[in-house]
Number of protein chains: 2
Amino acid sequence: MARWHDVAQALRDAITTGQYPPGSKIPKEEELEAQFGVSRTTVRRAVAQLTTEGLLLPVRRGGTTVRTQPERQTLPLDTRAYRDELGYYFSQTVQPWRALQPPTVTEGPCPPDVAPLLGLAVGDPVVIRDRIMGNPATGRVMQLATSYLPGDLAAGTVLAQPGTGPGGIYDRMENDLGWGTLDWEGVITARSATADEARLLDLAPGTPVLCVTRMTIATAGDAEGRVVEANITRRDASLFEVRYPITRAE
Amino acid sequence: MARWHDVAQALRDAITTGQYPPGSKIPKEEELEAQFGVSRTTVRRAVAQLTTEGLLLPVRRGGTTVRTQPERQTLPLDTRAYRDELGYYFSQTVQPWRALQPPTVTEGPCPPDVAPLLGLAVGDPVVIRDRIMGNPATGRVMQLATSYLPGDLAAGTVLAQPGTGPGGIYDRMENDLGWGTLDWEGVITARSATADEARLLDLAPGTPVLCVTRMTIATAGDAEGRVVEANITRRDASLFEVRYPITRAE
DNA sequence: CAGTGGTCTAGACCACAAC
DNA sequence: TTGTGGTCTAGACCACTGA
């Protein structure tokens, strides 16, 4: 087979057998070149593969270290919607992250991955509400949250304004826009990080992100039966898992 | 920035704007070389990135085509366990896939990603039950399912045999091994495909797989409180999504 | 400030499947 | 059969950052 496959497998084995324990450095590229008798390009192809697999973390001038695999943080599955006088909540646990920047609201064309969720065509106008969440103390970005709303429904309304008032966006939909009692549905997907996501989440290009999407469905008014919001959160897939109980049907 | 970033972005734009619609071929590497004025290595670096992003599908001698993004197949979330006289079932819909090969049962060391699920140390003995599921008509592999059972509990028992008798593995645990009424918990994660997974699922190396894990917990007997099985299914993340309803808490 | 990984070039041969 | 992507080499310069 390909030489770089062999080099990658040899490094993988050396890591899993403990020859290079987590946190340790593997030999520099020049030494791997000599060790395996291949060119630097081939060494780099193998290291790149193990990097996207999450095993290695190359850093300029600092060498390439074996990533310490942190326990994944557990996200509870949002199967229930709660509300109090302040608005709706979907998680039973309060997330420790805060918005690192003021949320941005823009209008633009609907991206291909969102169109089927909203029942729109690619390029149709949508209102995009973007939030970057993380640890304010360290500045570390932990999740990206983006809401897409159909432009024909949301543009020019309070939904397209940065502040949505007391109770938030869902109270506006239910009370002010007359969209009835809202329904929600959840979807979990995974895909490679985009260039922007990789930059913001500090990921190597091509590493997977875990996407949790919550769709909001109107039950009355001019939006009846339509998906009026798709809220997509994206996180480093190596750092998070979604966990849920399985109950016995009697 | 890097030249290959520019090339990748130019190709990405050309694809999303419809210049290269899904199913069409992009120019061959030699032409892209000339078009962007870079070396072939740089062109290939850009194409490799878009391949792991799932946008392109290079095929030898056939050129590189823009992948038609199929609608993701929806997997219902297994939040309930059903049973009838034949055994337990976890999905409300019957999957259209069948085992493409007879299931294999082996014993081996516990891999790092499974150890925390079973409460074992890496390398501890485990029983591994492997199934490859797909479409028998086309031979297309759609999902890989692997069960890990702690070796100290399962080795030498009926759980380590290919056939597990009427009612399957869970009836053996509940009725024959005295492990009480079983509990289950689900976990959803995503990661890069391993080399083996990429080969079996026909994926480019490094593309994401969506993992749905069901853990079985004993409530009585010598295994009381322990996770006695971790069933991990892996699928091409670009082909599947997990969907679930969100109900209003009153 | 020097050594590491990051990028890029020009060229070569190979393997495989479409033609 | 042949043209495409797949792999590999030897060498060069750069940019960042940790020693």
Side-chain angles (χ1 to χ4, degrees), chain A residues 1-11 15 20 23-67 139 193 195 198-199 202-207, chain B residues 1-11 15 20 23-67 138-140 193 195 198-199 202-207:
Chain A
M1 289 303 290
R3 311 271 280 115
W4 72 262
H5 265 116
D6 300 339
V7 175
Q9 191 55 49
L11 289 175
I15 289 169
Y20 300 130
S24 68
K25 279 208 265 280
I26 67 171
K28 67 177 97 169
E29 295 181 349
E30 191 184 1
E31 294 173 12
L32 293 175
E33 230 177 298
Q35 180 178 333
F36 291 101
V38 297
S39 75
R40 193 170 158 219
T41 308
T42 304
V43 168
R44 287 184 55 74
R45 181 64 190 85
V47 169
Q49 176 59 28
L50 298 188
T51 301
T52 75
E53 289 181 14
L55 285 174
L56 294 180
L57 185 67
V59 42
R60 255 200 284 239
R61 169 66 179 155
T64 297
T65 60
V66 178
R67 269 186 64 167
R199 185 172 40 79
D202 194 22
L203 299 174
T207 50
Chain B
M1 289 303 291
R3 311 273 279 116
W4 72 263
H5 265 118
D6 300 338
V7 175
Q9 190 56 49
L11 289 175
I15 290 169
Y20 301 129
S24 68
K25 280 209 264 278
I26 66 171
K28 66 177 98 167
E29 295 181 348
E30 192 184 2
E31 292 174 13
L32 293 174
E33 231 176 296
Q35 181 178 332
F36 292 102
V38 297
S39 75
R40 192 170 159 218
T41 308
T42 304
V43 168
R44 288 184 54 74
R45 180 65 189 87
V47 170
Q49 175 60 27
L50 298 189
T51 302
T52 76
E53 289 180 14
L55 286 175
L56 293 180
L57 184 67
V59 44
R60 255 199 284 240
R61 170 64 177 151
T64 297
T65 60
V66 178
R67 270 186 63 167
T138 63
R140 176 79 187 277
R199 184 172 41 80
D202 194 23
L203 299 174
T207 51

Open item on the list: Going by salt bridge (charged side-chain N to carboxylate O under 4.0 Å, His left out), name the pairs with one or both residues in residues 32-47 of chain B, residues two or more places apart or in two chains.
Closed with: B/E29-B/R40, B/E29-B/R44
Open item on the list: So which atom in A/Y20 and which in A/V66 form the shortest heavy-atom distance, rounded to 0.1 Å?
Closed with: O-CG2, 3.6 Å
- [ ] Round to the nearest Å and state the distance from A/R61 atom CZ to D/dT17 atom P.
- [x] 12 Å
- [ ] Nearest-nucleotide wise, let me know which of B/R60 and B/K25 is further upstream toward the 5' end of DNA chain C.
- [x] B/R60
TODO: Supply the atom-to-atom distance A/I26 CD1 to A/L50 CG, rounded to the nearest 0.5 angstrom.
DONE: 7.5 Å
Task: Contact summary for B/W4 and B/A46, nearest pair of heavy atoms - done: O-CB, 3.6 Å
TODO: For B/K28, enumerate each residue passing the side chain to side chain contact (heavy atoms under 4.5 Å, CB included) test, keeping only those at least two apart in sequence or located in another chain.
DONE: B/E30, B/E31
TODO: Test B/L32 against every option in B/T42, B/V43, B/V38 by the side-chain contact (heavy atoms from CB on, under 4.5 Å) rule and name the one that passes.
DONE: B/V43
Task: Contact list for DNA chain D against residues 39-49 of chain B - heavy-atom distance below 4.0 Å - done: B/R40, B/R44
Task: Within residues 51-59 of chain B, residues whose heavy atoms come under 4.0 Å of DNA chain C - done: none
Open item on the list: Please compare B/K28 and A/A2 by the position of their nearest nucleotide in DNA chain D and report the one closer to 5'.
Closed with: B/K28
Task: Shortest non-hydrogen contact between A/A198 and A/A193, atoms and distance - done: N-CB, 4.1 Å
Open item on the list: Of all nucleotides in DNA chain C that come within under 4.0 Å of a heavy atom of chain B, which is furthest toward the 5' end and which toward the 3' end?
Closed with: C/dT7 to C/dC19
Donor-acceptor pairs under 3.5 Å, side chain of residues 51-63 of chain A to any protein atom, not counting sequence neighbours: which ones?
{"from": "A/T51", "atom 1": "OG1", "to": "A/V47", "atom 2": "O", "distance (Å)": "2.7"}
{"from": "A/T52", "atom 1": "OG1", "to": "A/Q49", "atom 2": "O", "distance (Å)": "3.0"}
{"from": "A/E53", "atom 1": "OE1", "to": "A/R12", "atom 2": "NE", "distance (Å)": "3.0"}
{"from": "A/E53", "atom 1": "OE2", "to": "A/R12", "atom 2": "NH2", "distance (Å)": "2.9"}
{"from": "A/E53", "atom 1": "OE2", "to": "A/Q49", "atom 2": "NE2", "distance (Å)": "2.8"}

